[in-house]
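Some notes on the structure that comes next.
Everything numeric in this text was worked out from a predicted model, so none of it was measured. Residues take their numbers from the sequence shown, with the count starting at 1.
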Amino acid sequence: MLDLVLPLQCGGCGAPATAWCPACAKELEVGPDQPHVVSPRLDPGVPVLAMGRYAGARRNAIVAVKEHGRADLIAPLADHLRAGLQRLLTWGILETPLTVVPAPTRRSSARRRGGDPVTRIARLATRGPGLELAPVLYLRRFTRDSVGLSAAERQRNVSGRVRQRGAVQGPVVIVDDVVTTGATAAESVRVLQTRGTGVLAVLTLANA
């Protein structure tokens, strides 16, 4: 009866009667070469790694969480991010104890979405020994939405607008949902390093 009133669809492909279908779950399985190094236009000075391309089930799930309030998709995305963190720990790129810092988001966007999706995903992904969540970064008021902005416009939009509240102990990995030009990642790394925090890498669910 509930499906008749509020039809349930897979957040990755739209298949009926399921929130997350086996095919989309398989699409988000971590391959032997994932996460892989990407090269955004703006180099933050630390390795930037992505779990996959911003396409298919990955893209649809991220959009569903951010724009359509699909909180039921936070868990599978968090599992995916956790798998990426564990892979980087296994490779020796990261080490524990490790502090995970979510990339900043606009406060207005967080309010509209019922909370910051990246922080919610990261909170689930960091459950376990040796990992600590520190949501210390935020964007100043009147920062524009980056959608549709060019690389230069994105850089100007976030330059000097990322702020840090409170101290954080390193080593740190910054996590985000999507990296495009790398403007937010670069500014986030700069702010943390200015406060004396060692940033090892940036890890994202997708690269566009």
For the atom pair [atom1] ([X]) and [atom2] ([Y]), what is the distance rounded to the nearest 0.5 Å?
X	Y	atom1	atom2	result
Gln86	Thr96	CD	OG1	9.0 Å
Arg161	Thr184	CZ	OG1	12.5 Å
Glu95	Leu89	CD	CG	9.0 Å
Ile121	Leu81	CD1	CG	7.5 Å
Lys66	Thr105	NZ	OG1	7.0 Å
Arg58	Arg53	CZ	CZ	10.5 Å

State, with a plain yes or no, whether a side-chain heavy atom of [X] is found less than 4.5 Å away from one of [Y].
X	Y	value
Leu139	Val162	yes
Val202	Val46	yes
Val30	His80	yes
Val173	Leu200	no
Pro35	Thr204	no
Leu88	Leu49	yes
Glu132	Gln169	no
Asn207	His36	yes

*Where do Leu77 and Leu28 land on the side-chain contact (heavy atoms from CB on, under 4.5 Å) test, with the steps shown first?*
CA-CA 8 Å; Leu77 290 176; Leu28 259 64; 3.9 Å; yes
Shortest non-hydrogen contact from [X] to [Y]?
X	Y	value
Pro104	Ser188	CD-OG, 3.3 Å
Ala206	Ala50	C-CB, 4.1 Å
Val189	Pro44	CG1-O, 3.5 Å
Asp72	Ala19	OD2-CB, 3.2 Å
Val65	Pro117	CG1-CB, 3.7 Å
Ala122	Pro102	CB-CG, 4.2 Å

_Can you see whether Tyr54 has Arg59 sitting over its ring - NZ or CZ less than 6.0 Å from the centre and within 45° of the normal?_
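Yes; both conditions hold, so Arg59 lies above the ring face of Tyr54.
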*Mind checking salt bridge (charged side-chain N to carboxylate O under 4.0 Å, His left out) for Arg87 and listing every partner two or more places apart, or none if nothing turns up?*
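Checked Arg87 against salt bridge (charged side-chain N to carboxylate O under 4.0 Å, His left out); zero matches.
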*Those residues that, when tested against Arg82, pass salt bridge (charged side-chain N to carboxylate O under 4.0 Å, His left out) (two or more places apart)*: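 Per chain and number, Arg82 pairs via salt bridge (charged side-chain N to carboxylate O under 4.0 Å, His left out) with Asp79.
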*Does Gln164 use its side chain to pair, donor to acceptor, with the backbone of Val136 at less than 3.5 Å?*
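Flag not set: sc Gln164 to bb Val136 has no pair under 3.5 Å.
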*Sub-3.5 Å donor-acceptor pair from the side chain of Arg70 to the main-chain atoms of Ala61, do we have one?*
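Absent.
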*CA sep, side-chain torsions, deciding dist, call: Leu192, Leu137, side-chain contact (heavy atoms from CB on, under 4.5 Å)*: CA-CA 9 Å; Leu192 287 167; Leu137 298 180; 4.2 Å; yes
*Applying the side-chain contact (heavy atoms from CB on, under 4.5 Å) test to Thr99, which of Thr126, Leu131, Val172, Ile174 qualifies?*
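Output: one option passes, namely Val172.
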